[in-house]
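One structure is given here, and the rest of the page talks about it.
If you read the sequence from its start, that first residue is 1, and numbering goes on from there. The shown structure was predicted, so the numbers you read here are calculated from the model rather than taken from an experiment.
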Amino acid sequence: NLINRDSFEMKLKIKVCIIGAGPAGLFSLRAFQKLPSDQLEIMCFERYDQVGGMWNFQGKSGIDDDGLPVHSSMYYDLELNGPMEVNELPDFPFNFKSDTSFPKREVFFQYIKDYADAFNLCDKILFQKWVENISYKPSEKNFHVLVRDLKRNHLRSYIFDYVIVATGHFNYPNIVSYPGQETFPGPILHAKEFMCASRYSGKRVLVIGNQNSGEDVALKCIENGSTYVTVCYRSKRKHNTWPANIDERPLLTKIDQSTVYFSDGSKREFDVIIYCTGYLSYYPFLENNLALKTRNVLAPPLYDQIVFPSNTQLFYLGMQNLVYTTTLLWLQGHYVVDVIRGLIKLPSEKLMWSNIRRSQEKEKCIKSGLERLVFQTDYINYLADTTGMPRCDQLALLIKWFEIRKKPVNYQRRREIQFAQKCNEIEYLT
C-alpha cells in the first residue's frame with residue numbers, strides 16, 4: 001500500500017495522472033491542493049495549449065492541425081443552456097457581471113481560465129500532450145501511460161499509481177442513418193460540426209433529436225434566417241411552445257432525395273439534415289478492460305458514479321447525464337482526493353456493483369424531468385456530505401427554470417432572465 005489509511009503516513013510519493021485540463025481536470029487539481037506537495041506527484045495532460053476542455057472552442061470541426069479529432073463540440077453564439085447560478089463554484093464566486101443568467105460561451109470560458117490562474121493550476125499541466133495508451137500492470141499495481149508530445153512528435157512513457165479520466169463524454173458523435181440517406185442532395189452533419197447558424201440562412205433544415213442541443217440548433221437556425229426548421233423526436237414531443245417556423249414531428253422513416261417521410265405519415269422537403277443524436281462513451285486511449293462502457297445516463301456503471309469497480313485506482317469524472325455541471329465536477333474532484341487519502345473507504349467490488357445496480361434501478365423509475373432534477377440533486381448533496389464540502393443544492397432554482405421553459409414565452413426574452421439565487425461564498429484554502 002502507498003498509504004497507511006488510518007494515519008495517512010506516506011510511504012512513497014503517490015503519482016497521479018489526470019487526463020484533460022477542462023473543468024473536471026482543473027477542479028481535481030484544485031482539490032489535490034489539500035495534500036502537501038511533498039506527498040504528491042501529479043501530472044495533468046492537455047492536448048491543446050490552454051485550459052478549458054470543451055469550452056476551448058477554436059472555430060474548427062473535423063480534424064485539427066495535429067491530425068486529431070477536434071475536441072470541442074461547441075459553436076459560435078452558444079450560450080449556457082442552464083442558469084449560470086447553478087455553475088458558480090463555492091471557492092470562486094463569479095468574477096464577471098452579466099445581465100442574464102445565460103451568458104455567452106466565451107464569458108464562461110474566461111471564468112474557467114481565471115479559476116486556473118487564481119489557484120496556479122497550470123503549474124501541474126503539461127500542454128500539447130496527447131495520451132495514446134493506458135494499460136494497468138497488476139503485478140506492479142500501477143498504470144503505464146504512453147503520451148505523445150504534439151509539438152515534437154515524441155513519445156514518452158510514464159508510470160502512475162492513479163489515473164483520473166477527465167475528458168468528458170461529448171467528444172465522439174453518435175452517428176446514425178436512415179433508409180435512403182445516400183440520396184439526399186444536401187449536407188448531412190452532426191451537431192458537433194454545426195459551427196455557425198448563419199450558414200443555414202435561407203435553408204429548410206431538419207434537426208433529428210429534440211433534446212437540449214436539438215432545441216438550441218433549431219432556435220439558432222431560425223434566428224439566423226433559415227426558411228423553416230422541423231425537429232423530430234424519437235420518444236415524445238419536447239413541448240408546444242416553439243416559435244414560428246419551427247415544428248416538431250415524430251421520427252423519420254425514410255429519405256428520398258430532398259423529401260423526408262415521417263412516422264405519422266407526413267412528409268416535407270429539406271436542404272440540410274443535422275443530427276443532434278448525442279455522443280458515444282468512447283475512450284480510445286484506454287485498454288479495453290479499463291474503458292467505461294455506458295450511455296448518457298444519470299447512473300453510469302461506476303461506484304458513486306466515479307470509481308471504476310474492477311480497478312479502484314481508476315476514476316472517471318462527469319460521465320453522467322449532467323443537470324449540474326461545474327459544481328458536480330468540483331465535488332467529484334474532492335471525492336477522488338479523499339479516496340486516495342484514505343478518508344473514504346471503498347467496499348468490495350461485489351458491494352460496489354450492488355450499489356451501482358441500486359442506483360440504476362432507481363434511475364429506471366424516473367418518470368419526469370422533476371424526478372431527474374431530484375435524483376442528481378440528491379447525488380451532489382451526497383458528495384458534499386461525504387467529502388465535508390459545501391452543498392451546491394440549487395433544486396429550487398432549477399425547478400423554477402424548468403417551469404419557465406414550459407411556458408409559451410419568447411425565446412429571446414427567456415435568455416434575458418436573471419436569477420438572484422447563488423451558491424454561498426466560503427473561505428477555502430486561503
Side-chain angles (χ1 to χ4, degrees), residues 1-19 24-25 27-42 90 134 136-143 160-166 289-290 292 294 298-320 324 327-363 375-393 428-429:
N1 291 331
L2 296 171
I3 303 174
N4 180 319
R5 294 188 179 274
D6 294 322
S7 63
F8 192 50
E9 293 177 357
M10 308 299 296
K11 297 180 179 180
L12 295 170
K13 181 179 288 190
I14 60 174
K15 298 180 180 180
V16 180
C17 169
I18 299 176
I19 306 169
F27 304 154
S28 295
L29 286 171
R30 169 64 167 148
F32 273 111
Q33 290 180 343
K34 293 188 289 190
L35 274 67
S37 59
D38 62 347
Q39 296 178 347
L40 177 72
E41 182 178 332
I42 186 166
I134 298 178
Y136 183 74
K137 307 300 180 184
S139 61
E140 303 171 12
K141 295 186 178 180
N142 58 33
F143 296 91
F160 293 98
D161 302 303
Y162 297 93
V163 167
I164 301 170
V165 180
N289 64 334
L290 301 173
L292 176 66
T294 186
L298 288 171
L302 299 165
Y303 178 68
D304 281 350
Q305 302 184 33
I306 297 170
V307 183
F308 197 64
S310 60
N311 188 325
T312 57
Q313 293 165 249
L314 176 62
F315 308 95
Y316 285 85
L317 304 185
M319 298 304 167
Q320 49 279 100
Y324 294 84
T327 49
L328 182 148
L329 298 173
W330 187 84
L331 287 166
Q332 285 189 331
H334 285 281
Y335 178 100
V336 170
V337 172
D338 285 355
V339 169
I340 293 174
R341 295 172 72 189
L343 300 179
I344 294 175
K345 311 294 185 182
L346 298 178
S348 67
E349 183 177 353
K350 181 179 179 180
L351 289 177
M352 281 193 280
W353 278 112
S354 295
N355 176 282
I356 290 167
R357 285 190 287 270
R358 282 196 300 272
S359 294
Q360 291 174 333
E361 289 301 316
K362 186 176 179 181
E363 180 179 3
F375 184 98
Q376 196 156 99
T377 300
D378 288 345
Y379 172 65
I380 67 162
N381 285 339
Y382 164 79
L383 290 178
D385 295 345
T386 301
T387 59
M389 302 309 293
R391 285 193 170 195
C392 300
D393 184 334
Y428 175 70
L429 292 179

query: Are Thr312 and Tyr303 side-chain neighbours, meaning at least one heavy-atom pair lies under 4.5 Å?
result: no

message: Does Leu317 form a side-chain contact (heavy atoms from CB on, under 4.5 Å) with Ser28? I'd like the steps, not just the answer.
response: CA-CA 9 Å; Leu317 304 185; Ser28 295; 3.0 Å; yes

- request: Looking only at non-hydrogen atoms, find the nearest pair between Pro301 and Thr294 and report the distance.
  value: CD-OG1, 3.4 Å

Separation between CE of Met319 and CG of Leu292, rounded to the nearest 0.5 Å: 7.0 Å

- request: Give a yes or no on whether the backbone of Leu329 and the side-chain of Tyr324 come within a donor-acceptor separation of less than 3.5 Å.
  value: no

query: Could you go step by step and tell me if Lys15 and Asn142 meet the side-chain contact (heavy atoms from CB on, under 4.5 Å) rule?
result: CA-CA 9 Å; Lys15 298 180 180 180; Asn142 58 33; over 6 Å; no

message: For the NZ atom of Lys34 and the CD1 atom of Ile340, what is their distance to the nearest 0.5 Å?
response: 11.0 Å

- request: Looking only at non-hydrogen atoms, find the nearest pair between Val307 and Met352 and report the distance.
  value: CG1-SD, 4.5 Å

- prompt: Any side-chain heavy atom of Pro90 sitting closer than 4.5 Å to one from Trp330?
  reply: yes

- prompt: Within the side chain of Gln320, is there an N or O that forms a donor-acceptor pair under 3.5 Å with the backbone of Pro300?
  reply: no

- request: Provide the closest heavy-atom pair for Glu349 versus Pro309 in the form atom of the first, atom of the second, distance.
  value: CG-O, 3.6 Å

field: Flag side-chain contact, heavy atom, 4.5 Å: Phe143 against Asn311
entry: yes

- line: With Phe315 as partner, the option from Ile164, Val163, Ile18, Leu302 fulfilling side chain to side chain contact (heavy atoms under 4.5 Å, CB included) is Ile164

- prompt: Is the shortest heavy-atom distance from the side chain of Leu328 to the side chain of Gln305 under 4.5 Å?
  reply: no

message: Is it true that Asp304 and Tyr382 share a donor-acceptor pair across their side chains at a distance under 3.5 Å?
response: yes

query: How far does CD of Gln313 sit from SG of Cys17, to the nearest 0.5 angstrom?
result: 13.0 Å

task: Check whether any side-chain heavy atom of Val165 sits under 4.5 Å from a side-chain heavy atom of Phe308, and report yes or no.
output: no

Distance, nearest 0.5 Å, that separates CD1 of Ile344 from CG of Asp338: 4.5 Å

- request: Kindly give the heavy-atom pair with the smallest separation between Gln332 and Leu383, and that separation in Å.
  value: CG-CD1, 3.7 Å

Exercise: do Gln360 and Arg357 side chains pair donor with acceptor under 3.5 Å: no

query: Is a donor on one side and an acceptor on the other found under 3.5 Å between the side chain of Gln376 and the backbone of Leu298?
result: no

- prompt: Roughly how far apart are Leu40 CG and Phe32 CZ, rounded to 0.5 Å?
  reply: 6.0 Å

- request: State, with a plain yes or no, whether a side-chain heavy atom of Phe160 is found less than 4.5 Å away from one of Ile134.
  value: no

- request: Test Val339 against every option in Leu346, Ile306, Thr387, Thr386 by the side chain to side chain contact (heavy atoms under 4.5 Å, CB included) rule and name the one that passes.
  value: Leu346

- prompt: Given side chains that start at C-beta, do those of Glu363 and Ser359 come closer than 4.5 Å, heavy atoms only?
  reply: no

query: Heavy atoms, side chains only, cut-off 4.5 Å: are Ile42 and Leu35 in contact?
result: no

- prompt: If you measure from the Lys or Arg side-chain nitrogens to the Asp or Glu carboxylate oxygens, is any gap between Arg391 and Asp385 under 4.0 Å?
  reply: yes

